Amino acid sequence: MLADIWTVFWRDWTVLKHRMTAFILSRMVAPMLYLIAFGWGLGRNIQPTGGGSYIDFLVPGILALNSMNISFNSVTPVHAERVYHKSIEEYIIAPIRPFAYVVGKVLAAVLRGMISSAIIITLAYAFGAHFTITPLFLLVLILNCAVFAGIGFAAAMYLGTYEQMGQVNTYILLPMSFLCGTFFSTRALPDALRVAIECLPLTHTSYLLRGIGSGAEVSMISVAVLAAYLVAVLFISGKAFVNLRK
Amino acid sequence: MIEIRNLRKTFPHKDAQNKNAEKVAVDGLSLTIETGEIFGLLGPNGAGKTTTIRMLTMLTRPTEGEILYDGKRVGDDDDALAIKQMIGVVPQNLNFDQDLTVGENLELHARLYHMSKAERESRIAELLEYVELSGVVNDGVRRLSGGMKRRLLIARALIHHPEILFLDEPTVALDPQVRWRIWELVHRLANDGATVLITTHYIEEAEELCDRVAIMNKGKLIAVDTPKNFISRLGRFVVEWRDDAKRDFRLFDTREDASRFIGTLDTAASIRETNLEDVFIELTGRKEGL
């Protein structure tokens with residue numbers, strides 16, 4: 001099973017190696033703009049309620065939303081492999097367990113998400129942000145990447161067209177990017193919306209990263225929630241892959 | 001040995017009248033394919049050949065029936081991985097990983113079949129030479145011609161030394177030289193002891209390659225026999241003529257019977273030896289054609 005997971009991961013790593021420079025450069029654009037526009041620009045006039053600078057508040061949010069986007073979109077080519085190229089059939093025919101394919105793909109997406117996060121952390125320090133990186137901080141980032149890679153995998157299995165994959169970005173990821181405690185506290189939202197938003201995995205990630213980064217106490221329940229999301233999406237993804245054999 | 005017992009596959013096929021309608025792709029197929037045999041599945045488009053191969057290779061679940069490989073039942077999880085290890089598949093569509101090079105595509109496949117690094121390296125080099133693609137090992141698969149892609153598909157399927165090879169329309173849309181090259185490869189594989197199951201709608205391909213042929217039409221098995229027996233069973237000679245611009249023919253056991261029949265016709269006709277195409281048209285219904 002581990003060897004099969006490694007094989008699936010190896011494939012994505014090989015593709016990433018071909019495009020590493022382009023990948024790194026393209027991943028710098030969005031965080032740079034966020035840091036310039038919201039950190040330097042708008043951020044100078046904003047004073048977070050908990051004290052500190054807005055850029056310190058902002059960086060964990062950017063890390064959370066960026067790792068979500070990168071991990072999700074790293075898995076979306078699986079949709080083309082299933083619907084258009086049919087190259088996924090090579091894995092269905094091969095003597096590997098379906099779960100190995102899912103885990104291998106998710107781990108490869110986690111790697112991309114973490115490379116992208118490393119770029120943001122470097123840029124954030126260059127922009128003068130202050131936050132501490134601990135093993136728990138990295139664990140939360142990894143969990144966040146894995147959850148959204150799993151969601152991306154399930155979407156790639158269930159959705160019929162490339163347009164529908166794009167709609168997941170538009171209707172799910174984009175609203176979460178702005179509302180899940182990334183740019184402002186969820187306490188600013190109306191109660192009903194706040195409760196719904198606080199159930200979402202990205203909100204837990206934002207608050208965990210912000211808390212750990214600033215050295216504050218964090219709720220381990222949020223870590224457990226992320227872990228529960230991960231188990232659920234892996235289960236759904238594994239089932240979806242098995243069901244490809246209609 | 002592959003045993004296929006009463007295999008059936010239906011797909012949902014909604015229409016205006018019936019939302020629960022089904023399309024029967026394969027209907028009660030039973031066959032036995034012996035070890036070391038080149039076995040052909042012959043039929044027109046929509047006959048159920050590809051669906052049969054997809055069920056045999058575990059890409060599609062049968063609706064009913066069972067498949068056994070040397071007594072191991074497809075579907076049982078413990079046996080499924082062992083069966084997958086012994087089969088190789090050359091699909092109809094060129095399903096390469098578009099983001100990898102020729103060599104990387106082969107390496108991925110070798111890794112999926114748990115080959116060691118040393119085994120992978122030597123086997124990939126050997127097979128690339130076998131299919132005459134050594135010069136493009138570092139090229140992206142997108143850059144290959146159609147014939148090169150077909151040969152690469154065969155190399156990929158052979159990497160793990162499969163005991164059973166499935167070829168689904170392996171020479172479709174290829175020029176005659178490449179087709180001959182692929183036929184040569186299939187013969188070499190069979191000589192090495194592999195069981196080969198090939199689907200085709202090229203009659204001459206079945207005639208050239210197969211020890212036995214199963215003729216399918218509309219999901220059903222029409223007949224199974226050797227190409228030679230099919231021909232001798234239905235008649236070794238064909239009289240062919242045109243009737244109102246439509247081709248017609250009749251099969252005869254002897255040339256004398258055929259000549260006698262020509263004498264009764266009031267139009268020009270010719271006699272030739274029967275081929276598998278005549279058998280196919282005779283068995284699948286003259287209006288079906290190919």
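Every chain is numbered from 1, with letters handed out A, B, ... down the list of sequences. Since the structure is predicted, the reported quantities are computational estimates derived from the model, not experimental observations.
- Dense packing is recorded around NZ of K149(B), with more than 12 heavy atoms of other residues, nucleotides or ligands lying under 6.0 Å away.
- Nearest heavy-atom pair, T7(A) versus L108(B), reported as atom, atom and distance to 0.1 Å: CG2-CD1, 3.9 Å.
- For K17(A), the NZ atom is densely surrounded, since the number of other residues' heavy atoms within 6.0 Å is greater than 12.
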Item to check | side-chain contact (heavy atoms from CB on, under 4.5 Å) assessment of H18(A) paired with E104(B) | outcome: CA-CA 12 Å; H18(A) 289 316; E104(B) 287 164 351; 3.0 Å; yes
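- Of the atoms belonging to H109(B), heavy atoms from both backbone and side chain fall under 4.5 Å from chain A.
- Contact between H85(A) and N93(B) at its shortest, heavy atoms only, is O-ND2, 4.4 Å.
- Residue F235(A) places its CZ atom among 12 or fewer non-hydrogen atoms of other residues, nucleotides or ligands, all under 6.0 Å distant.
- Neither the backbone nor the side chain of I88(A) comes within contact range of chain B; no heavy atoms are under 4.5 Å apart.
- R156(B) has a carboxylate O that lies under 4.0 Å from a charged side-chain N of E90(A), or vice versa, which qualifies the two as a salt bridge.
- Considering all non-hydrogen atoms of both residues, Y91(A) and D97(B) come closest at OH-OD2, 4.4 Å.
- At least one donor-acceptor pair under 3.5 Å links the side chain of K84(B) to the backbone N or O of I92(A).
- Of all the heavy atoms in D99(B) and V15(A), the pair that sits closest is CB-CG2, 3.7 Å.
- Nearest heavy-atom pair across Y113(B) and A94(A) is OH-CA, 3.6 Å.
- Atom CZ of R120(B) has more than 12 heavy atoms from other residues, nucleotides or ligands within 6.0 Å.
- Interface check for chain B: of the options L244(A), I93(A), V8(A), I96(A), the most heavy-atom pairs under 4.5 Å are formed by I93(A).
- For CZ of R143(B), the number of neighbouring non-hydrogen atoms (other residues, nucleotides, ligands) closer than 6.0 Å is 12 at most.
- Only the side chain of Q98(B) comes within contact range of chain A, with heavy atoms under 4.5 Å apart.
- Here R111(B) does not pair with D4(A) in a salt bridge; the nearest charged N to carboxylate O distance is not below 4.0 Å.
- Within a 6.0 Å radius of OH in Y171(A), other residues, nucleotides and ligands contribute 12 heavy atoms or fewer.
- Crowding of Q164(A) atom CD: a count of heavy atoms from other residues, nucleotides or ligands under 6.0 Å exceeding 12.
- Annotation: side chain of P91(B) is not in contact with side chain of K86(A) (no heavy-atom distance under 4.5 Å).
- To the nearest 0.5 Å, the span separating CG on N105(B) from CZ on R11(A) amounts to 9.0 Å.
- Summarising the local packing, OH of Y162(A) is surrounded by 12 or fewer heavy atoms from other residues, nucleotides or ligands at distances under 6.0 Å.
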